[in-house]
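Note sheet for the following structure.
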Amino acid sequence: MKLPLGCNIPEMEKGKITMAHGNGGVLTQRLIEEVFAANFDNAYLSELNDGAVLPWSNGNLAMTSDSFVVNPLFFPGGNIGELAVNGIINDLLCCGAVPMFMSASFIIEEGFEISKLNVIASSMAKVAKDNGMYIVTGDTKVVERGKCDGTYISGCGIGNVLHGVSLSPKNIKCGDAVIVTAPIAEHGISILTSREGLGFEGKIQSDTASLKTMITNLLFNVPDIRAIRDATRGGVATVLNEIAEASDKTIIIDEEAVPINKNAAAAAALLGLDPLYVANEGVMVIILPMERAAEALSALKRDRHGKDAAIVGEVMDDGEGEVYIKTIIGTERILPTLANEQFPRIC
């Protein structure tokens, strides 16, 4: 499954934003640290999770924000609207929260067909209704023709944190198990092959989905979950690196244990991509005590989105926030954070 990946930080014009700043990897993290975290610094933001957990009179609320610029807008397995609502829901779940409310703001290009916009809005409404969440406010802006690829969507979500649940990489302990909930790389490869017309459309579909039922059932039935992360931009490898760095732990995973469907693996090999760095929209990385892992797998596999869930690794002794991979040929090496942009506009 492993293929060569350039991991050097790309050369760039000093002081300018590059496409690699949007891939969820090294440059994204640097941009967050040096610009946004530095300017907006506060106790809630400093956790740097998929959302913020906020104190409230009757418990805790979670809040998250995300923007969606995927190209194309319609792809095998979904569209930008479904992607936006699913993404907000899943980010709230990673905070241990049940999704409640969402805003949806649109930047729309002059000349964009209203019929397509209606399909997007209708699909958003269905996903929200199916998950008991309300889209309660938003905004609309129109820009000149050629200034936007049809439409971009920005959303904010609010959810109610489940009683007694506290998810954070800082909870992680040595000996914990690492679970990946579903086959990886399908969203990113679906978008890329659809965009470029590479002929995989009938075989590989985006995995975009709300994981509300699966994750809430897990949290209700399996105690001591340490952390949950949504493996979107930068894929499983980048999420694992973020967790390792935040927890100051070493994580090691087994390449053969990582779930991936044969069509996605074949397409990744053909395209020269490492599936571990390809974006997902229906895959969670879960860290929990090893003694709870079998119980968690049983709970996950009862849901159609978790039927292929697998233990892929373990948290090792305290280290320097690094991730290692045992390869299929028996070697072991560092699995670094993504540096170069593989392909943009994936979500």
Side-chain angles (χ1 to χ4, degrees), residues 1-9 23-26 169 172-189 204 207 226-227 229 231 233-280 283-298 300-301 306-340 342:
M1 184 175 72
K2 177 65 188 157
L3 292 160
L5 177 78
C7 60
N8 294 325
I9 296 176
N23 67 12
V26 171
I172 292 170
K173 298 180 180 180
C174 298
D176 284 349
V178 179
I179 291 178
V180 171
T181 62
I184 66 171
E186 294 180 5
H187 175 74
I189 291 176
I204 304 171
D207 62 350
R226 312 280 200 209
R229 293 298 299 269
R233 289 182 305 168
V236 168
T238 297
V239 165
L240 288 173
N241 273 278
E242 291 173 356
I243 292 171
E245 182 176 356
S247 63
D248 290 323
K249 297 291 190 296
T250 295
I251 296 175
I252 185 163
I253 65 167
D254 184 346
E255 185 173 21
E256 288 191 283
V258 178
I260 182 169
N261 289 330
K262 62 180 182 180
N263 288 332
L270 182 64
L271 296 168
L273 299 173
D274 185 335
L276 285 166
Y277 291 88
V278 176
N280 311 277
V283 176
M284 296 287 196
V285 174
I286 300 171
I287 315 289
L288 76 168
M290 187 64 75
E291 59 268 25
R292 297 286 187 187
E295 189 180 356
L297 281 181
S298 178
L300 292 167
K301 288 177 179 290
K307 60 184 179 64
D308 296 312
I311 300 171
V312 302
E314 183 178 354
V315 178
M316 307 301 288
D317 56 349
D318 292 357
E320 298 180 354
E322 293 181 328
V323 180
Y324 290 83
I325 183 169
K326 294 179 181 177
T327 70
I328 57 176
I329 60 173
T331 60
E332 187 177 298
R333 61 175 180 78
I334 289 179
L335 190 69
T337 299
L338 179 67
N340 292 320
Q342 290 196 107

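Since we're looking at a predicted model, the values are computed, not measured. Atom set for the values below is all heavy atoms of this structure, side chains included, hydrogens, waters and symmetry mates excluded.
Contacts of K173 classified as side-chain contact (heavy atoms from CB on, under 4.5 Å), with partners at least two apart in sequence or in another chain: D176, R226. Residues meeting the salt bridge (charged side-chain N to carboxylate O under 4.0 Å, His left out) test with E291, sequence neighbours left out: none. E332 meets the side-chain contact (heavy atoms from CB on, under 4.5 Å) test with I252, Y324, K326; sequence neighbours excluded. Residues passing the side-chain contact (heavy atoms from CB on, under 4.5 Å) test with A246, sequence neighbours excluded: P169. The side-chain contact (heavy atoms from CB on, under 4.5 Å) test applied to A264 returns E186, I189, I260, not counting sequence neighbours.
Around CD of E295, the count of heavy atoms belonging to other residues, nucleotides or ligands within 6.0 Å exceeds 12.
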- Evaluate the side chain to side chain contact (heavy atoms under 4.5 Å, CB included) criterion for residues K249 and M316: first the C-alpha distance (whole Å), next the side-chain angles of each, then the deciding distance (0.1 Å), finally the verdict. CA-CA 7 Å; K249 297 291 190 296; M316 307 301 288; over 6 Å; no
- Kindly indicate, with the supporting measurements, whether the criterion side chain to side chain contact (heavy atoms under 4.5 Å, CB included) is fulfilled by V180 and V236. CA-CA 8 Å; V180 171; V236 168; 4.3 Å; yes
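In plain terms, the two heavy atoms of L335 and A237 that are nearest each other are CD2-CB, 3.6 Å.
Although no hydrogens or angles enter the test, the distance criterion places no donor-acceptor pair under 3.5 Å between the side chain of N280 and the main chain of I184. Checking side-chain atoms of D274 against main-chain N and O of L276 turns up a donor-acceptor pair under 3.5 Å. Remark: the backbone N or O of A294 is not paired with any side-chain donor or acceptor of S298 at under 3.5 angstrom.
In this structure, the side chains of R229 and E242 come closer than 4.5 Å at one or more pairs of heavy atoms.
Atoms CD and CG, on E322 and L240 in that order, are 13.5 Å from each other to the nearest 0.5 Å.
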